[in-house]
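Below: one structure, written as C-alpha coordinates.
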Amino acid sequence: ADTLGASAAQSGRYFGTAIEPGYFGEQPYVNTLNQEFNSVVAENNMKWETTEPAQGQFDFSGGDQVVGHAESQGMQVRGHTLVWHSQLAPWAQQLTGDALNQAMVDHINGVAGHYQGQIASWDVVNEAFDEDGTRRDDSHFQQQLGDGYIEQAFRTADAADPNAQLCYNDFNTDGINAKSNGVYDMVADFKARGVPIDCVGFQTHLSTDTDLSTYQQNLQRFADLGVDVHVTELDVGGSGTAQADAYRTVTESCLAVERCKGITVWGITDAYSWRAEETPLLFDANYQKKEAYGAVLEAL
Ligand code: XIL
(Lines give C-alpha, C1' and ligand atoms only; values in the text may rest on other atoms or scores of the structure.)
Protein backbone atom coordinates (compact mmCIF):
# COMPACT_ATOMS: atom_id res chain seq x y z
CA ALA A 1 0.00 0.00 0.00
CA ASP A 2 1.20 3.54 -0.60
CA THR A 3 -0.15 5.44 2.40
CA LEU A 4 0.62 5.11 6.10
CA GLY A 5 -2.91 4.16 7.10
CA ALA A 6 -3.44 1.62 4.33
CA SER A 7 -0.04 0.04 4.99
CA ALA A 8 -0.71 -0.27 8.72
CA ALA A 9 -4.12 -1.77 7.95
CA GLN A 10 -2.44 -4.63 6.10
CA SER A 11 -1.37 -6.02 9.48
CA GLY A 12 -4.61 -5.02 11.24
CA ARG A 13 -3.10 -1.90 12.77
CA TYR A 14 -3.87 1.81 12.53
CA PHE A 15 -1.59 4.73 11.73
CA GLY A 16 -2.85 7.92 13.31
CA THR A 17 -2.02 11.54 14.02
CA ALA A 18 -2.84 14.20 16.56
CA ILE A 19 -4.96 16.97 15.04
CA GLU A 20 -6.23 20.47 15.78
CA PRO A 21 -9.63 21.27 14.22
CA GLY A 22 -8.49 24.89 13.97
CA TYR A 23 -6.50 23.87 10.89
CA PHE A 24 -9.36 22.12 9.08
CA GLY A 25 -9.74 25.20 6.84
CA GLU A 26 -6.27 24.63 5.35
CA GLN A 27 -6.51 22.40 2.30
CA PRO A 28 -3.04 20.75 2.42
CA TYR A 29 -3.60 19.96 6.12
CA VAL A 30 -6.91 18.20 5.50
CA ASN A 31 -5.72 16.53 2.30
CA THR A 32 -2.67 15.03 4.01
CA LEU A 33 -4.78 13.97 6.99
CA ASN A 34 -7.41 12.25 4.86
CA GLN A 35 -4.92 10.68 2.48
CA GLU A 36 -2.41 9.24 4.94
CA PHE A 37 -4.05 8.50 8.29
CA ASN A 38 -6.80 6.18 9.52
CA SER A 39 -6.87 7.21 13.18
CA VAL A 40 -6.87 10.58 14.96
CA VAL A 41 -6.53 12.00 18.45
CA ALA A 42 -7.27 15.56 19.60
CA GLU A 43 -3.94 17.25 20.29
CA ASN A 44 -5.60 19.47 22.92
CA ASN A 45 -9.38 19.53 22.53
CA MET A 46 -10.34 16.68 24.87
CA LYS A 47 -8.18 17.83 27.78
CA TRP A 48 -9.82 18.87 31.06
CA GLU A 49 -9.16 22.64 30.77
CA THR A 50 -10.94 22.57 27.40
CA THR A 51 -13.79 20.12 28.05
CA GLU A 52 -14.79 21.36 31.54
CA PRO A 53 -13.52 24.96 31.83
CA ALA A 54 -15.97 25.67 34.66
CA GLN A 55 -17.19 22.99 37.07
CA GLY A 56 -20.13 21.09 35.59
CA GLN A 57 -20.06 23.15 32.35
CA PHE A 58 -18.80 21.00 29.54
CA ASP A 59 -17.58 22.23 26.16
CA PHE A 60 -17.32 19.50 23.55
CA SER A 61 -17.16 21.78 20.49
CA GLY A 62 -13.55 21.06 19.54
CA GLY A 63 -13.67 17.38 20.42
CA ASP A 64 -16.89 16.95 18.47
CA GLN A 65 -15.19 18.42 15.38
CA VAL A 66 -12.41 15.86 15.72
CA VAL A 67 -14.84 12.96 16.12
CA GLY A 68 -17.12 14.25 13.34
CA HIS A 69 -14.24 14.49 10.88
CA ALA A 70 -13.02 11.03 11.81
CA GLU A 71 -16.47 9.50 11.37
CA SER A 72 -16.91 11.17 7.97
CA GLN A 73 -13.60 9.62 6.85
CA GLY A 74 -13.98 6.21 8.50
CA MET A 75 -11.10 6.86 10.89
CA GLN A 76 -10.75 5.54 14.44
CA VAL A 77 -10.49 7.99 17.35
CA ARG A 78 -8.20 7.83 20.38
CA GLY A 79 -9.38 9.80 23.43
CA HIS A 80 -6.78 12.00 25.16
CA THR A 81 -7.01 12.44 28.13
CA LEU A 82 -9.36 12.15 31.11
CA VAL A 83 -7.09 12.65 34.14
CA TRP A 84 -3.81 14.58 33.92
CA HIS A 85 -2.07 16.98 36.29
CA SER A 86 -1.27 19.30 33.36
CA GLN A 87 -3.73 21.36 31.28
CA LEU A 88 -6.09 20.84 34.21
CA ALA A 89 -8.82 23.48 34.67
CA PRO A 90 -7.78 26.06 37.30
CA TRP A 91 -10.98 25.46 39.30
CA ALA A 92 -10.07 21.78 39.76
CA GLN A 93 -6.56 22.75 40.81
CA GLN A 94 -8.19 24.56 43.76
CA LEU A 95 -10.21 21.58 45.03
CA THR A 96 -9.01 19.31 47.79
CA GLY A 97 -9.82 15.87 49.18
CA ASP A 98 -13.30 14.45 48.62
CA ALA A 99 -14.35 17.44 46.50
CA LEU A 100 -11.51 16.77 44.06
CA ASN A 101 -12.29 13.06 44.02
CA GLN A 102 -15.94 13.77 43.17
CA ALA A 103 -14.90 16.29 40.50
CA MET A 104 -12.67 13.64 38.91
CA VAL A 105 -15.50 11.09 38.84
CA ASP A 106 -17.92 13.67 37.42
CA HIS A 107 -15.39 14.74 34.80
CA ILE A 108 -14.80 11.19 33.61
CA ASN A 109 -18.54 10.50 33.51
CA GLY A 110 -19.15 13.75 31.63
CA VAL A 111 -16.47 13.35 28.98
CA ALA A 112 -16.29 9.57 28.50
CA GLY A 113 -20.10 9.51 28.73
CA HIS A 114 -20.46 12.14 26.00
CA TYR A 115 -18.19 10.19 23.63
CA GLN A 116 -19.46 6.77 24.64
CA GLY A 117 -19.23 4.34 21.71
CA GLN A 118 -17.09 6.69 19.58
CA ILE A 119 -13.65 6.21 21.13
CA ALA A 120 -11.51 3.17 20.33
CA SER A 121 -9.14 3.75 23.24
CA TRP A 122 -8.99 6.35 26.01
CA ASP A 123 -5.87 7.62 27.73
CA VAL A 124 -7.64 7.43 31.10
CA VAL A 125 -4.67 8.64 33.14
CA ASN A 126 -1.70 10.50 31.66
CA GLU A 127 1.81 10.95 33.06
CA ALA A 128 1.25 9.85 36.67
CA PHE A 129 4.83 8.65 37.28
CA ASP A 130 8.13 10.38 38.00
CA GLU A 131 11.38 9.45 36.28
CA ASP A 132 12.46 7.31 39.27
CA GLY A 133 9.40 5.06 38.98
CA THR A 134 7.49 6.47 41.95
CA ARG A 135 4.20 8.35 41.66
CA ARG A 136 4.63 11.90 40.38
CA ASP A 137 4.70 14.14 43.42
CA ASP A 138 3.86 17.37 41.55
CA SER A 139 0.46 15.99 40.51
CA HIS A 140 -2.48 17.65 42.25
CA PHE A 141 -4.35 14.33 42.09
CA GLN A 142 -1.47 12.46 43.68
CA GLN A 143 -1.04 15.07 46.40
CA GLN A 144 -4.73 15.21 47.29
CA LEU A 145 -5.91 11.66 46.64
CA GLY A 146 -2.87 9.39 46.90
CA ASP A 147 -2.11 6.35 44.74
CA GLY A 148 -5.73 5.14 44.62
CA TYR A 149 -6.98 7.81 42.21
CA ILE A 150 -5.61 5.91 39.21
CA GLU A 151 -7.59 2.77 39.99
CA GLN A 152 -10.70 4.82 40.65
CA ALA A 153 -10.28 6.64 37.32
CA PHE A 154 -10.12 3.34 35.42
CA ARG A 155 -13.14 1.89 37.22
CA THR A 156 -15.14 5.04 36.53
CA ALA A 157 -14.14 5.16 32.85
CA ASP A 158 -15.04 1.49 32.43
CA ALA A 159 -18.57 2.17 33.66
CA ALA A 160 -18.90 5.34 31.55
CA ASP A 161 -17.82 3.70 28.25
CA PRO A 162 -17.73 -0.10 28.61
CA ASN A 163 -16.64 -0.60 24.97
CA ALA A 164 -13.62 1.70 24.91
CA GLN A 165 -10.18 0.25 25.51
CA LEU A 166 -8.73 1.92 28.61
CA CYS A 167 -5.06 2.92 28.52
CA TYR A 168 -2.47 4.28 30.91
CA ASN A 169 -0.19 6.69 28.94
CA ASP A 170 3.25 8.13 29.76
CA PHE A 171 6.56 9.46 28.33
CA ASN A 172 10.16 8.37 28.88
CA THR A 173 8.79 4.87 29.38
CA ASP A 174 10.03 3.94 25.92
CA GLY A 175 12.76 1.58 27.11
CA ILE A 176 13.31 -0.62 30.13
CA ASN A 177 14.14 1.90 32.87
CA ALA A 178 13.11 2.93 36.39
CA LYS A 179 10.03 4.79 35.16
CA SER A 180 8.73 2.01 32.92
CA ASN A 181 9.41 -0.46 35.75
CA GLY A 182 7.12 1.59 37.99
CA VAL A 183 4.35 1.58 35.39
CA TYR A 184 4.91 -2.12 34.77
CA ASP A 185 4.41 -2.92 38.46
CA MET A 186 1.18 -0.92 38.55
CA VAL A 187 -0.20 -2.65 35.46
CA ALA A 188 0.75 -6.08 36.84
CA ASP A 189 -1.05 -5.22 40.07
CA PHE A 190 -4.15 -3.96 38.20
CA LYS A 191 -4.29 -7.14 36.11
CA ALA A 192 -3.86 -9.33 39.20
CA ARG A 193 -6.69 -7.56 41.04
CA GLY A 194 -9.06 -7.18 38.09
CA VAL A 195 -8.85 -3.41 37.77
CA PRO A 196 -10.13 -2.67 34.23
CA ILE A 197 -7.03 -1.69 32.25
CA ASP A 198 -6.75 -2.78 28.60
CA CYS A 199 -3.72 -1.01 27.23
CA VAL A 200 -0.60 1.03 27.84
CA GLY A 201 0.38 4.00 25.69
CA PHE A 202 4.01 4.84 25.08
CA GLN A 203 4.24 8.48 24.06
CA THR A 204 7.61 8.04 22.36
CA HIS A 205 8.74 11.67 22.20
CA LEU A 206 12.29 11.01 21.00
CA SER A 207 15.41 12.65 19.70
CA THR A 208 17.95 11.03 17.40
CA ASP A 209 20.22 10.12 20.32
CA THR A 210 17.53 8.27 22.32
CA ASP A 211 18.64 4.72 23.13
CA LEU A 212 16.07 2.41 21.51
CA SER A 213 17.91 -0.84 22.22
CA THR A 214 15.23 -2.05 24.66
CA TYR A 215 12.22 -0.43 22.96
CA GLN A 216 10.74 -3.61 21.47
CA GLN A 217 11.55 -5.70 24.54
CA ASN A 218 9.77 -3.14 26.69
CA LEU A 219 6.61 -3.19 24.54
CA GLN A 220 6.71 -6.99 24.64
CA ARG A 221 6.99 -7.26 28.42
CA PHE A 222 3.88 -5.11 28.83
CA ALA A 223 2.03 -7.13 26.20
CA ASP A 224 2.98 -10.26 28.13
CA LEU A 225 1.05 -8.87 31.12
CA GLY A 226 -2.10 -9.18 29.01
CA VAL A 227 -2.60 -5.61 27.81
CA ASP A 228 -2.43 -4.08 24.34
CA VAL A 229 0.29 -1.54 23.68
CA HIS A 230 0.07 1.62 21.57
CA VAL A 231 2.67 4.11 20.34
CA THR A 232 0.67 7.21 21.18
CA GLU A 233 2.56 10.46 20.53
CA LEU A 234 5.51 9.63 18.30
CA ASP A 235 7.85 12.41 17.20
CA VAL A 236 11.63 12.48 16.78
CA GLY A 237 13.63 15.71 17.03
CA GLY A 238 16.29 15.76 14.31
CA SER A 239 16.51 15.34 10.56
CA GLY A 240 17.68 13.16 7.70
CA THR A 241 18.81 9.58 8.07
CA ALA A 242 19.26 9.62 11.85
CA GLN A 243 15.65 10.74 12.27
CA ALA A 244 14.44 8.21 9.71
CA ASP A 245 16.31 5.42 11.52
CA ALA A 246 14.58 6.19 14.83
CA TYR A 247 11.17 6.19 13.13
CA ARG A 248 12.05 2.89 11.43
CA THR A 249 13.09 1.26 14.71
CA VAL A 250 9.87 2.30 16.45
CA THR A 251 7.72 1.11 13.54
CA GLU A 252 9.52 -2.23 13.23
CA SER A 253 9.25 -2.73 17.00
CA CYS A 254 5.49 -2.18 16.96
CA LEU A 255 5.06 -4.58 14.06
CA ALA A 256 7.14 -7.21 15.85
CA VAL A 257 4.85 -7.14 18.90
CA GLU A 258 1.51 -8.76 18.16
CA ARG A 259 -0.36 -6.72 20.75
CA CYS A 260 0.98 -3.41 19.42
CA LYS A 261 -2.24 -2.09 17.88
CA GLY A 262 -0.97 1.00 16.12
CA ILE A 263 1.11 4.13 15.98
CA THR A 264 0.03 7.76 16.38
CA VAL A 265 2.39 10.59 15.42
CA TRP A 266 2.02 13.83 17.37
CA GLY A 267 1.01 16.01 14.43
CA ILE A 268 1.02 16.08 10.65
CA THR A 269 3.45 18.85 9.66
CA ASP A 270 6.59 20.25 11.29
CA ALA A 271 5.00 23.68 10.85
CA TYR A 272 2.45 23.05 13.61
CA SER A 273 4.38 20.68 15.88
CA TRP A 274 4.68 21.49 19.58
CA ARG A 275 8.41 20.88 18.91
CA ALA A 276 8.43 22.79 15.59
CA GLU A 277 12.02 24.00 15.95
CA GLU A 278 13.14 20.35 16.19
CA THR A 279 11.33 19.38 12.94
CA PRO A 280 10.16 16.09 14.50
CA LEU A 281 7.39 14.92 12.16
CA LEU A 282 6.98 13.00 8.89
CA PHE A 283 5.95 15.96 6.68
CA ASP A 284 7.94 19.18 6.46
CA ALA A 285 6.46 22.66 6.81
CA ASN A 286 5.35 22.49 3.15
CA TYR A 287 3.72 19.06 3.58
CA GLN A 288 6.51 17.37 1.61
CA LYS A 289 7.29 13.79 2.66
CA LYS A 290 10.56 13.57 4.59
CA GLU A 291 13.09 10.74 4.62
CA ALA A 292 11.45 9.55 7.84
CA TYR A 293 8.16 9.13 5.99
CA GLY A 294 9.79 6.73 3.54
CA ALA A 295 11.36 4.75 6.38
CA VAL A 296 8.02 4.31 8.14
CA LEU A 297 6.16 3.36 4.97
CA GLU A 298 8.83 0.79 4.13
CA ALA A 299 8.74 -0.68 7.65
CA LEU A 300 4.94 -0.97 7.81
C1 XIL B 1 1.02 19.07 24.07
C2 XIL B 1 0.43 19.75 22.82
O3 XIL B 1 1.06 19.19 21.69
C4 XIL B 1 0.65 21.23 22.88
O5 XIL B 1 -0.06 21.88 21.81
C6 XIL B 1 0.15 21.81 24.22
O7 XIL B 1 0.48 23.19 24.29
C8 XIL B 1 0.78 21.06 25.38
O9 XIL B 1 0.52 19.67 25.25
N10 XIL B 1 2.37 14.76 26.45
C11 XIL B 1 1.02 14.70 26.22
C12 XIL B 1 0.40 15.66 25.26
O13 XIL B 1 0.35 13.78 26.71
O14 XIL B 1 -0.93 15.99 25.62
C15 XIL B 1 1.21 16.91 25.11
O16 XIL B 1 0.64 17.71 24.07
C17 XIL B 1 2.65 16.58 24.81
C18 XIL B 1 3.26 15.76 25.92
Side-chain angles (χ1 to χ4, degrees), residues 16-24 26 29 33 37 39-53 59 61-63 65-67 77-90 92-93 107-108 111-112 115 119-131 135-136 138-142 149-150 153-154 157 165-175 179-180 182-183 199-207 210 229-237 246 250 262-283 285:
T17 180
I19 57 173
E20 288 282 5
Y23 299 127
F24 283 177
E26 298 181 25
Y29 185 89
L33 169 61
F37 299 96
S39 175
V40 291
V41 62
E43 184 168 350
N44 288 294
N45 281 286
M46 290 193 194
K47 294 172 181 176
W48 190 316
E49 65 178 8
T50 304
T51 52
E52 197 180 1
D59 179 355
S61 53
Q65 281 186 270
V66 169
V67 172
V77 184
R78 299 203 70 255
H80 176 82
T81 176
L82 296 171
V83 181
W84 187 23
H85 68 281
S86 184
Q87 295 182 276
L88 176 61
Q93 194 76 45
H107 182 75
I108 294 169
V111 179
Y115 290 111
I119 304 293
S121 58
W122 264 114
D123 293 331
V124 177
V125 177
N126 196 35
E127 301 184 353
F129 281 73
D130 268 325
E131 300 303 295
R135 302 300 168 95
R136 176 187 280 274
D138 66 353
S139 160
H140 187 56
F141 297 101
Q142 184 68 34
Y149 84 90
I150 302 180
F154 276 87
Q165 298 287 297
L166 305 180
C167 299
Y168 175 78
N169 191 52
D170 216 327
F171 68 100
N172 286 352
T173 48
D174 310 310
K179 189 175 189 177
S180 65
V183 176
C199 41
V200 176
F202 299 85
Q203 292 186 10
T204 320
H205 293 297
L206 308 178
S207 44
T210 308
V229 295
H230 297 253
V231 178
T232 50
E233 304 184 13
L234 177 60
D235 55 12
V236 183
V250 170
I263 298 172
T264 301
V265 288
W266 204 241
I268 299 170
T269 164
D270 285 340
Y272 299 142
S273 167
W274 72 311
R275 301 169 68 189
E277 67 288 353
E278 297 177 87
T279 62
L281 294 172
L282 298 176
F283 294 86

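Just so you know, ligand 1 is whichever comes first in the structure, and atom 1 is the first atom listed for that ligand. When a residue number appears, it is its place in the shown sequence, counting from 1. Since this is a predicted model, take the numbers as computed values, not measurements.
In this pair, Y23 and Y29 present their aromatic rings tilted. The plane angle is within the 30 to 60° band.
Judged by distance alone, the side chain of S61 and the main-chain N or O of D59 form no donor-acceptor pair under 3.5 Å. With hydrogens and angles ignored, the 3.5 Å screen pairs no side-chain donor or acceptor of T173 with any backbone N or O of K179. At least one donor-acceptor pair under 3.5 Å links the side chain of T17 to the backbone N or O of G267. Side chain of N169 to main chain of N126: no donor-acceptor pair is present (N/O by atom type, distance under 3.5 Å, no hydrogens or angles). Using modelled atom types, one side-chain atom of D270 and one backbone atom of L281 make a donor-acceptor pair closer than 3.5 Å. A donor-acceptor pair under 3.5 Å links the side-chain atoms of R136 to the main chain of E127, judged by distance alone. Side chain of H85 to main chain of F141: no donor-acceptor pair is present (N/O by atom type, distance under 3.5 Å, no hydrogens or angles).
Applying the 4.0 Å criterion to heavy atoms of E127 picks out, from ligand 1, the atoms 10 (N), 11 (C), 13 (O), 18 (C). Atoms of ligand 1 found under 4.0 Å from any heavy atom of N126 (numbered from 1 in listed order, with element): 11 (C), 13 (O). Taking every heavy atom of E233 and a limit of under 4.0 angstrom, the matching atoms of ligand 1 come to 10 (N), 11 (C), 12 (C), 13 (O), 17 (C), 18 (C). Within the listing of ligand 1, atoms 18 (C) sit less than 4.0 angstrom from a heavy atom of H205.
Among all protein heavy atoms, the one lying closest to atom 3 (O) of ligand 1 is E43 OE2, 2.4 Å. In terms of protein heavy atoms, atom 1 (C) of ligand 1 is closest to K47 NZ, 3.7 Å. The protein non-hydrogen atom at the shortest distance from atom 8 (C) of ligand 1 is Q87 OE1, 3.4 Å.
Of the polar atoms of N169, none of the N or O atoms is found under 3.5 Å from an N or O of ligand 1, judged by distance alone. Checked by distance only, ligand 1 and H80 come closer than 3.5 Å through their nitrogen or oxygen atoms.
Under 4.0 angstrom from ligand 1, the non-hydrogen atoms of N44 all belong to its side chain. Contacts with ligand 1 closer than 4.0 Å are made by side-chain heavy atoms of W266 only, the backbone lying farther away.
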